Amino acid sequence: MHLWKVDQVAVLLLLLAAVGFAQVLDRTLILSNERSSIERTYELTKYLDHQLKEIRDTYLSYLGPPFSDPGFSPPRPNSSSLSVPSAATRVDLWRGLENGARLAQNQRAYSVLLCAVRELARSTLCPYLQSSLMHFCSGLSGLLGSISGLMNALGYTSLPPSTPAQGYAPLLSSQFQNSPAPLRSYKPRASREGTTRADLKRGKRGRRKEGQSWAAREEREKEEGMERWGKRRRLLSVDEEQILKLNTNYTALKFGKHPVLFSPVSLQHRRAVRSTPAGLSPLSLLYQYGGSAAEVHTLLAAPVLSSRPASNDFSRKVEGFWVLRELQSWLWRSAKDFTRLKKRLQRV
Amino acid sequence: MANIVTSFCCVVLAAVVVVYAQRRSQQGARIQYEKIGSDVTMQCGSLDNDASVTWKVNGTDVKARRREEGPRLILMEVNMSSNGLYSCFQNPDGQRRDQINLRVGLPPKEPQVTCRSNTYPKGFYCSWHLQHPTYIPTDFEVDVQHNQRPLEVTRDEVHKNRCHVKFPELFTSFPYRVNVTAVNSLGRASSAISFEESSIVKPDPPEKVVAKPVANNARRLEVTWNSPSTWPDVETFPLKYFLRYRPLIRDQWQHVELSDSTSHTITDAYAGKEYIIQLAAKDMEIGTWSDWSVAVHATPWMEEPKPITSTTESDIIPETTVEVFQGFMNNKFLFRVFCRLVS
């Protein structure tokens with residue numbers, strides 16, 4: 001009888017040990033998953049940084065002088081008009097950031113930057129540049145997604161989906177069911193499970209088109225994202241009616257040092273968007289997609305556009321400059337952030 | 001004993017007297033800086049215009065092209081040989097009235113400025129130099145601006161033309177602007193440079209590079225090194241390394257890039273060849289590669305040569321040894337082959 005009790009105790013202890021070991025293993029496994037997620041997110045920031053360098057050069061050429069002059073740095077618009085968070089931080093503060101706070105800062109920054117770059121893309125007149133920027137946005141969206149996934153997996157609170165901070169709102173996808181690449185649609189990440197690995201893969205490679213069901217959600221997120229970015233600070237206001245009426249081919253006259261000039265081959269009825277001191281000919285956005293004008297309308301006349309007259313051309317260019325500049329700083333910073341995160345988790 | 005002490009005291013006293021006399025003679029001598037090639041006017045004290053003076057330079061007569069107008073000495077188109085201590089003596093009493101130390105030179109041209117951060121993220125340093133010498137004392141004023149705010153600049157104690165600045169913040173999108181002004185008595189010139197935080201990061205080369213052969217493996221070399229000691233935080237700001245190696249007899253380098261590791265084993269070394277190995281470091285994301293480290297030499301492990309016995313010699317076919325001879329130019333091997341061919 002006595003012996004049997006000892007056996008029982010031994011078995012119990014063994015079971016407890018096994019459970020404890022399993023938990024430790026589980027935790028180690030979770031952490032190793034996270035470490036590889038962090039590694040992948042790190043690689044993604046480096047990839048995006050590399051991409052951004054090229055896009056930025058092209059974009060600055062597109063803006064023309066003085067932006068295209070090497071070493072040019074205009075004064076940064078004050079915070080009321082430019083809500084992009086600055087990556088700059090004091091060394092000691094940066095070092096002391098807790099993992100959760102570190103990730104949250106990244107998440108907030110990229111959500112705002114994503115909207116900002118989208119806006120930039122939307123108002124870019126050069127189709128090649130626009131598609132490059134859109135493509136870049138998809139990568140940025142993937143980065144944002146993997147950061148959010150990482151936060152969930154590590155148990156930190158992400159910003160709630162209702163706020164635009166998580167606004168990795170898919171691109172104007174649903175409207176382009178019939179249109180060709182490069183515009184793709186993305187499934188917004190709703191689940192809080194540890195699907196980071198799969199999501200990262202998707203984010204990197206780009207995703208297939210999704211169904212119409214996301215349309216409503218996308219629209220809402222876009223709106224909020226735009227609010228946060230600042231509805232008023234658009235880089236280019238476009239008269240919606242004009243676009244509807246346009247159904248012509250376009251020719252890009254020049255690309256390079258000077259802003260792209262468009263000359264309509266044939267025009268039905270139009271008004272000049274604005275006349276600019278920069279010497280651009282009366283601008284009209286001319287696109288011809290395989291789809292109808294309605295699609296073009298939704299591409300360009302998303303809820304954010306207002307019918308306000310175009311604000312100062314130079315100040316818009318300055319904003320565009322600063323969006324990409326700040327994005328570059330953030331990508332450098334994120335690489336260091338993830339390195340630090342990886343090391344901190346290694347010690348756990 | 002007393003004699004030694006007395007003579008020592010005398011020597012000291014004499015030295016003091018000499019120094020005092022020299023200083024006294026220099027007293028009242030003011031320095032006058034003038035531009036090379038210009039005409040220089042030296043005024044003898046506050047004498048009247050009709051005063052008559054005699055000029056001497058370094059105690060001797062003035063031989064250069066000149067004009068004398070009352071108390072003034074005008075030297076034409078001065079050059080470096082015009083340098084000297086000019087004294088004027090009033091006629092007829094011969095009393096010395098003034099002394100002028102003439103130094104000819106040039107106004108400064110724009111200095112060349114470079115900045116670098118080898119202690120990221122602590123700070124950076126800027127150094128400057130004048131491409132053309134001025135020959136006269138020239139000072140430098142440095143000011144560093146970031147986001148329209150001036151930063152505190154610390155002059156280096158050892159290097160006269162260097163200053164140190166701490167980074168006010170990291171990951172900044174604003175460029176830094178450094179303005180260096182060279183000033184001397186003949187003029188001033190300044191130049192400014194502008195740079196981004198990330199572009200000036202360049203670590204010092206890796207240190208303590210050691211390359212060792214690996215026992216019983218004729219094709220391996222084990223290389224270890226340390227991160228540069230000036231890099232403050234290699235944990236948070238890891239470095240990646242570039243290792244290059246080549247046998248001494250070859251000109252082409254082989255390269256390996258390594259991340260966050262301070263050792264590497266070369267596995268494709270030519271057996272028996274002496275290698276030269278160097279390393280460079282770079283921050284993982286930003287900046288540029290460091291200079292190459294000090295080169296180390298190493299030879300992979302070699303088997304001890306077996307003693308040659310006479311009975312096996314005849315078996316050796318000359319052609320194969322000649323082929324091998326072309327492949328390996330090792331001295332020992334050459335000697336052996338030569339011996340075989342000869343015997």
Side-chain angles (χ1 to χ4, degrees), chain A residues 39 42-43 45-50 52-53 56 69-78 82 84-97 102 105-106 109 113 318-319 321-344 346-347, chain B residues 113-115 117 119-124 144-149 151-152 164-179 191-203 227 231-240 257 259-261 281-288:
Chain A
E39 183 63 37
Y42 169 82
E43 294 295 335
T45 64
K46 296 203 49 178
Y47 167 72
L48 289 171
D49 176 43
H50 180 77
L52 182 62
K53 278 195 188 79
R56 210 170 145 240
D69 297 336
F72 175 73
S73 179
R76 196 171 193 266
N78 55 30
L82 189 74
V84 170
S86 173
T89 171
R90 265 180 32 208
V91 189
D92 50 340
L93 292 176
W94 179 82
R95 264 214 186 88
L97 274 175
R102 197 179 289 274
Q105 283 192 5
N106 274 270
L113 283 164
V318 167
E319 277 178 29
F321 175 93
W322 277 105
V323 165
L324 293 182
R325 183 69 195 83
E326 208 59 73
L327 181 56
Q328 183 116 75
S329 293
W330 265 107
L331 287 170
W332 285 333
R333 175 172 155 171
S334 293
K336 302 269 188 230
D337 275 324
F338 292 123
T339 305
R340 187 138 177 86
L341 204 63
K342 196 166 40 167
K343 301 247 166 163
R344 282 190 126 175
Q346 266 169 4
R347 281 190 235 133
Chain B
V113 190
T114 53
C115 297
S117 173
T119 56
Y120 189 76
K122 277 211 184 122
F124 61 94
V144 180
Q145 297 255 333
H146 174 249
N147 195 6
Q148 275 126 29
R149 260 186 297 234
L151 299 179
E152 196 186 313
H164 298 267
V165 184
K166 286 205 182 83
F167 279 121
E169 56 185 10
L170 284 189
F171 318 117
T172 180
S173 302
F174 295 101
Y176 290 86
R177 199 174 155 79
V178 176
N179 198 324
S191 69
I193 63 165
S194 207
F195 52 82
E196 301 283 345
E197 170 191 320
S198 56
S199 61
I200 59 163
V201 176
K202 178 178 169 176
S227 68
W231 196 255
D233 189 352
V234 78
E235 280 294 310
T236 321
F237 296 89
L239 294 168
K240 61 179 173 182
E257 189 168 317
S259 280
D260 212 9
S261 132
K282 178 182 173 304
D283 176 87
M284 286 287 226
E285 288 91 31
I286 60 178
T288 51

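Quick note on labels: first sequence line is chain A, next is B, and so on, each numbered from 1. Not measured: the values here are computed from a predicted model.
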Inset, instruction - Determine the minimum heavy-atom distance between R102(A) and W94(A), stating which atoms define it. - result: NH2-O, 2.8 Å
Inset, instruction - Could you tell me which non-hydrogen atom of K343(A) sits nearest to which non-hydrogen atom of P238(B), and how far apart they are? - result: NZ-CB, 4.4 Å
Please look at [X] and chain B and tell me whether the side chain, the backbone, both or neither of the residue comes under 4.5 angstrom of a heavy atom of that chain.
X: R340(A); result: side chain
X: F72(A); result: neither
X: T89(A); result: both

Inset, instruction - Would you mind telling me which of R325(A), Q328(A), R90(A) has the largest number of heavy-atom pairs within less than 4.5 Å of chain B? - result: R325(A)
Inset, instruction - Determine, for K282(B) against E257(B), whether the closest basic-nitrogen to carboxylate-oxygen distance falls under 4.0 angstrom. - result: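 Result for this pair is no, no salt bridge flagged.
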With only heavy atoms counted, which part of [X] is less than 4.5 Å from chain A, the side chain, the backbone, both or neither?
X: D283(B); result: side chain
X: S194(B); result: neither
X: E197(B); result: neither

Inset, instruction - Measure the acute angle between the ring planes of W231(B) and Y120(B), then classify it against the limits of 30° and 60° as parallel, tilted or perpendicular. - result: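 Ring orientation of W231(B) relative to Y120(B): tilted.
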Legend entry - Whether F167(B) and F124(B) hold their rings parallel, tilted or perpendicular, with breakpoints at 30° and 60°: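 Geometry flag for F124(B) against F167(B): tilted rings.
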Inset, instruction - Drop me the distance from D337(A)'s CG to L331(A)'s CG, to the nearest 0.5 angstrom. - result: 11.0 Å
